[in-house]
Amino acid sequence: MCGIVGYIGGQNAAPILLEGLTRLEYRGYDSAGIAVLGAKNAQVHRVVGRVRNLAAALPKRLTGKVGIGHTRWATHGPASEANAHPHTSEDGRICVVHNGIIDNADALRAQLADAGVTLASETDTEVLAHLIARSGADTLEDAVVEAVSRITGTYAIAVTDTAHPDRLVIARNGSPLIIGVGEREMFVASDLAALVRHTSQVAHLDDGEFATVFATGYRTFTVDESDTTKPATEIDIAAEDLDLGGYPHYMAKEIQEQPESVERIIRGRLDDRFGVARLDGLNLTPRELRGFSRVKILGCGSAYYAGQVGATMIEELARIPADAEAASEFRYRNPIIEADTLYIAVSQSGETIDTAFAVEEIKRKGGRVVGLVNVVGSTIARACDGGVYLHAGPEIAVASTKALTNMAIGFALIALALGRVRDLSNADGQRIIDALRAMPGQIKSILDEGPRIAEHAKEFATANSLFFVGRVRGYPVAREGAQKFKEISYRHAEAYQTSELKHGPLALIDAALPTVAIVPADELTDRNLAAVQQIKARGGAVLAVTHEDVDFGELDVPRIVVPKTEPELDPILLTIPLQLLAYHAALSLGYDIDKPRNLAKSVTVE
Ligand code: F6R
């Protein structure tokens with residue numbers, strides 16, 4: 001969703017802002033703009049569409065060493081040049097870019113209009129530019145503090161003032177904002193991706209925090225103007241991690257990276273002596289781990305499905321009741337928070353607002369919540385009481401792949417930690433550890449099947465509607481398979497529990513509606529095969545994602561065979577071919593795989 005960049009230093013700001021905005025393109029947006037402070041005024045340029053359109057629309061000589069830029073995802077008002085950021089005050093003195101949503105914008109717009117202000121856009125953000133400009137405060141900082149005190153909602157903002165061309169003033173509440181520290185130059189961004197090319201030294205603002213950013217340093221402070229000392233820290237992302245590296249799409253790259261990203265999440269965390277996972281970041285003693293009598297996992301979209309995989313693993317390995325719930329629903333049902341429940345928030349970006357709100361709700365009610373998060377230093381990671389970083393590396397494609405695999409592995413590690421302070425034996429712990437160690441090699445062998453999976457994908461991409469079915473451990477696999485397929489190939493794909501087919505959906509089966517069936521070699525194989533038979537008997541095509549040992553007998557069913565692991569971990573490997581299936585389906589249909597329509601990489605608004 002929306003992205004912010006800012007620059008102040010000795011170089012021309014425009015190319016740096018454009019490059020930063022390009023780095024943020026993956027988040028999804030519909031318009032873009034920059035403001036550069038010139039000798040006397042701010043030069044604002046905005047376009048509907050891509051950053052490259054903005055670059056093409058800029059005047060040849062756009063000089064100025066201070067500026068802000070934005071990619072907008074329309075919320076208040078459609079994607080139009082007038083609604084694109086930066087927004088300016090009537091006299092052009094103040095420019096503002098904003099991520100988030102101002103809840104009381106309508107009331108503030110009405111008040112401003114009554115006071116004679118001509119509003120130039122339909123956005124919520126514009127009110128900030130006017131409020132700051134109309135403030136009688138002595139300093140820009142005071143004016144920004146005063147303006148944000150009048151708004152409710154979420155924001156990350158960056159402000160320039162032609163009267164104070166030596167600074168940017170920025171503020172954060174519920175939407176990320178990071179300062180990048182350079183050599184006599186400073187950067188601001190809502191996402192590390194826009195900074196890594198320039199610096200590895202960053203400082204994250206906290207909610208309720210403000211900063212004045214000069215070319216030579218920065219000062220962070222609170223609403224009552226007291227200083228908060230925020231030293232910069234080193235980040236572990238290299239600029240090359242964000243390149244395509246020869247792949248046609250980030251999604252292809254990220255799928256292929258999985259053997260290495262799985263190595264990274266397990267590295268140093270497997271303890272062979274005690275058959276357990278070492279997870280110091282959880283900040284939980286063995287006694288505390290023992291004290292939990294329930295586990296509740298919260299995430300959104302695919303992260304929620306990974307949470308369902310995790311809940312089953314935890315129940316099986318640790319024998320604690322566990323379930324996953326969509327974080328987007330959780331807060332709205334006034335959830336009962338129990339002291340002996342371990343809450344786990346799972347998120348790739350660490351910025352999904354629904355998941356962040358769920359964490360807030362749990363903490364407000366005194367619950368213990370840990371995070372399973374990919375992006376280091378992200379909002380959710382910092383809000384949790386502890387956690388396990390996924391170490392999947394940067395994920396750029398909107399459709400998540402490698403981060404989800406690492407989420408499932410992260411749950412296996414947590415299940416080991418919970419299980420080994422209970423009844424899981426050392427030998428069983430070791431069985432899981434050995435299986436986790438074998439996983440990178442097994443994933444590689446599935447990826448080698450890419451060309452065969454691509455053939456099936458081409459065939460399935462021609463259907464308008466598909467079913468994905470699985471049972472128990474296989475059901476979240478089916479849900480994730482359907483999710484991936486629909487989000488990038490725009491085909492209707494629906495997941496069902498295989499056992500539920502006969503209770504309704506079977507009525508839809510015919511030659512035009514193919515089914516992807518998850519048929520692992522486990523205690524439910526026979527039942528899964530019986531369901532496949534029922535689908536075939538009604539003329540439905542079936543593609544089975546299965547194990548070598550499964551005997552399909554007379555059933556003529558094309559198969560994608562994945563290596564067998566321990567039954568508890570089967571869902572991890574069964575999901576990999578479904579990523580390739582979705583990718584190749586979208587490829588054969590010619591869609592924009594990395595940036596599917598209507599979707600954003602991190603969903604920072606409700
Ligand atoms: C699907 C997908 C989304 C995310 C969801 C949560 O491929 O990527 O469903 O899983 O928006 O995002 P995070 O994990 O960043 O909280």
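Order of listing sets the numbers, starting from 1, for every ligand and every atom in it.
Scanning all protein heavy atoms for the shortest distance to atom 12 (O) of ligand 1 gives Thr352 OG1, 3.4 Å. Given atom 6 (C) of ligand 1, the protein heavy atom at minimum distance is Cys300 O, 3.2 Å. Here the protein heavy atom with the shortest distance to atom 15 (O) of ligand 1 is Ser349 OG, 2.7 Å. The protein atom (non-hydrogen) at minimum distance from atom 2 (C) of ligand 1 is Ser302 OG, 3.9 Å. At the top of the distance list for atom 11 (O) of ligand 1, counting protein heavy atoms only, stands Val603 CG2, 4.2 Å.
When heavy-atom distances to ligand 1 are checked against a 4.0 Å cut-off, Glu351 has no atom that comes that close, whether in backbone or side chain.
At a 3.5 angstrom cut-off on N or O pairs, Thr355 does not count as close to ligand 1.
The ligand atoms of ligand 1 that sit less than 4.0 angstrom from a heavy atom of Lys484 are 1 (C), 7 (O). Listed by number with element, the atoms of ligand 1 under 4.0 Å from a non-hydrogen atom of Ala303 are 10 (O), 14 (O). Within the listing of ligand 1, atoms 1 (C), 9 (O) sit less than 4.0 angstrom from a heavy atom of Gln483. Within the listing of ligand 1, atoms 1 (C), 7 (O) sit less than 4.0 angstrom from a heavy atom of Glu487. Counting the atoms of ligand 1 from 1 in the order shown, those under 4.0 Å from a heavy atom of Gln348 are 13 (P), 14 (O), 15 (O), 16 (O). Listed by atom number, the atoms of ligand 1 under 4.0 Å from Ala399 heavy atoms are 7 (O). Per-residue contacts place Gly301 under 4.0 angstrom from the following atoms of ligand 1 (heavy atoms of the residue considered): 9 (O).
Proximity of Gln483 to Tyr305: side-chain heavy atoms (C-beta onward) are separated by under 4.5 Å at one or more points.
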Exercise. Could you please spell out the steps behind the side-chain contact (heavy atoms from CB on, under 4.5 Å) verdict for Lys296 and Ile344?
Key: CA-CA 6 Å; Lys296 176 79 161 181; Ile344 307 178; over 6 Å; no
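Between Tyr583 and His249, the distance from one ring center to the other falls under 6.0 angstrom. When ring centroids are compared, Tyr26 and Tyr250 stay outside the 6.0 Å threshold.
Distance check: Arg382 CZ to His204 NE2 gives 6.0 Å after rounding to the nearest 0.5 Å.
Within the structure, the closest approach of Val398 to ligand 1 falls below 4.0 Å when heavy atoms are considered.
Around the NZ atom of Lys363, the shell of radius 6.0 Å holds more than 12 heavy atoms that belong to other residues, nucleotides or ligands. More than 12 heavy atoms of other residues, nucleotides or ligands shown are found within 6.0 angstrom of CD on Glu500.
Partners of Arg368 under the salt bridge (Lys or Arg N to Asp or Glu O under 4.0 Å) rule, at least two apart in sequence or in another chain, are Glu288.
None of Val469, Ile518, Val519 except one satisfies the side-chain contact (heavy atoms from CB on, under 4.5 Å) rule with Asn528; the exception is Val519.
A cation-pi arrangement is present between Arg331 and Phe357 under the rule of less than 6.0 angstrom and at most 45 degrees off the ring axis.
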